[in-house]
Amino acid sequence: MAKTDTRRLVRPHLADVQTYKSIDPPEVLARRAGIPESKIVKLNGNENPYGPSPKAVEAVAGAPLHIYPDPQQRKMRQSLSEYTGLGAEHLIAGAGSDELIDLLFRLFIEPGDRILDFDPTFAMYAFCARVCGGDLTMLQRNELFEIDMETVRASIDDRAKIVFVSSPNNPTGNLLPDSQVKELLDTGLIVVVDEAYFEFCGHTVAELVPEYSNLVVLRTMSKWAGLAGLRVGYGIMSPDIVSHLMDIKSPYNVNVAGEAALLASLDDAPALLENVGKIVAERTRLQGILEEMPGITPWPSEGNFILCQMPDAAGAQRVYDELAGRGVFVRNFGSDRLQDCFRVAVGTPAETDAFVEALREVVR
Ligand SMILES: Cc1ncc(COP(=O)(O)O)c(C=O)c1O
């Protein structure tokens, strides 16, 4: 049998690509901590502690798993139209908003095209830029994690095509002001406003979509609707961009279980939004507790997580490790900007209590 050196065939820019630092599943975390899975407190993925709607679970159980899903996503787009108040022609669903981020790169970015991104933020934009061979311009947010429009304008040339902003920003928790969204839109670049945490703040720029053909708003069912494991997200944008994305997506990108869960969740939105209300109330309580803790600076957050800053990187690493040793998992970051920080998701009141108790023990 011939032995081919497949490495030689890999596209050069992907041979040693820096991959996405993802989170491990509960059983792996539990094994690492040496405690039963049922005892761990998992606050590292901004997941919904209340889980999905029981109606979504029922719908998934009854979904026609032997039939391919609708490639045109007719029912999902109609239902999303009722939820968002925008016409179905403005909507497209993806296997998580992650897939839509990837599709936007495939649609707009050729090797060498420029992407503007704002550090610190959700690492998926930079990851997709690397995978497609784009030229990533990582602009630094200021000391309040805001973006500076002067720097943005100075960074634009004829290879600049797309700008990504998460609002609220993961992991810093702050919103992008509407005035800056409009300034970004006026640059003429494609402006992607990632509203993964929309339901936790109630603030959106989706109503600008009919007016601005270069605006793309991304949303997800992972956070507010508790469907992270099923991978369902959606985007709101001009019918023209929707049509291009429809043309290039894999035909059956959202599976029938995801479709059934999305439809049932939107039907059950009032109950799911009650859970969102509980998470928002818990965020306020957790913020208050953290503010009283010596050595921790919690940043205000509009999402379902709080960024906690420590006096130095070594301290943050020690807290992260010692929390993990006690079965409490938060998110840490490799980047220079966030070396002295960790991010904690807002869980149930019992999870907050367990996290706070462990944190008190390890913050010395
Ligand atoms: C800002 C932001 N966008 C998108 C996502 C991914 O969402 P999905 O689960 O829909 O792929 C996340 C997940 O943490 C996120 O924080």
Side-chain angles (χ1 to χ4, degrees), residues 20-25 42-49 51-52 56 73 76 80 91-105 115 117-129 131 141 145 147 162-176 191-201 203-206 216-236 245 249 253-255 257-259 261-262 265-266 272 279 283 299 301-307 329-333 335 338 342-347:
Y20 183 83
K21 187 176 169 241
S22 39
I23 47 174
D24 287 320
K42 188 176 182 306
L43 300 173
N44 60 355
N46 297 349
E47 289 142 342
N48 189 321
Q73 310 175 337
M76 283 194 290
L80 285 167
L91 293 155
I92 180 168
S97 47
D98 280 352
E99 187 200 15
L100 295 170
I101 296 168
D102 181 54
L103 284 170
L104 287 164
F105 274 90
I115 300 109
D117 197 6
F118 301 96
D119 184 55
T121 192
F122 184 46
M124 191 70 190
Y125 319 132
F127 166 68
C128 288
V131 170
R141 288 170 178 262
F145 300 124
I147 71 170
I162 191 164
V163 46
F164 278 84
V165 195
S166 160
S167 179
N169 186 40
N170 174 13
T172 60
N174 54 319
L175 285 169
L176 178 69
V191 178
V192 182
V193 180
D194 184 342
E195 296 185 351
Y197 302 95
F198 158 63
E199 282 79 5
F200 301 97
C201 65
H203 186 83
T204 180
V205 291
V216 174
V217 174
L218 296 180
R219 301 263 186 88
T220 179
M221 302 299 283
S222 296
K223 313 295 179 181
W224 75 283
L227 296 180
L230 264 185
R231 318 299 304 119
V232 199
Y234 63 97
I236 312 169
L245 292 178
K249 78 177 178 64
N253 61 329
V254 179
N255 64 52
E259 174 183 4
L262 175 136
S265 299
L266 294 178
L272 288 168
I279 295 167
R283 178 180 75 198
W299 285 82
S301 174
E302 302 280 347
N304 66 343
F305 54 85
I306 296 179
L307 184 72
F329 295 92
V330 296
R331 182 78 147 122
N332 66 352
F333 306 94
S335 74
L338 297 179
F342 64 86
R343 187 197 68 200
V344 60
V346 179

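All residue numbers refer to positions in the sequence shown, counting from 1. Order of listing sets the numbers, starting from 1, for every ligand and every atom in it.
For the atom pair OG1 of T172 and CG of L307, the computed distance is 7.0 Å after rounding to the nearest 0.5 Å. Atoms CE and CZ, from M221 and R231 in turn, are 12.5 Å apart once rounded to the nearest 0.5 Å.
Ring-centre distance between F105 and F164: below the 6.0 Å cut-off.
The aromatic rings of F122 and Y125 stand perpendicular to each other, their planes meeting at an angle above 60°, with 30° marking the opposite boundary.
Residues of the protein with a heavy atom under 4.0 Å from ligand 1 are G96, S97, D98, F122, Y125, S166, N170, D194, A196, Y197, T220, S222, K223, R231, listed by chain and number.
V254 and A95 get closest at one heavy-atom pair: CG2-N, 3.9 Å.
With sequence neighbours left out, R343 forms a side chain to side chain donor-acceptor pair (under 3.5 Å) with N46, N170.
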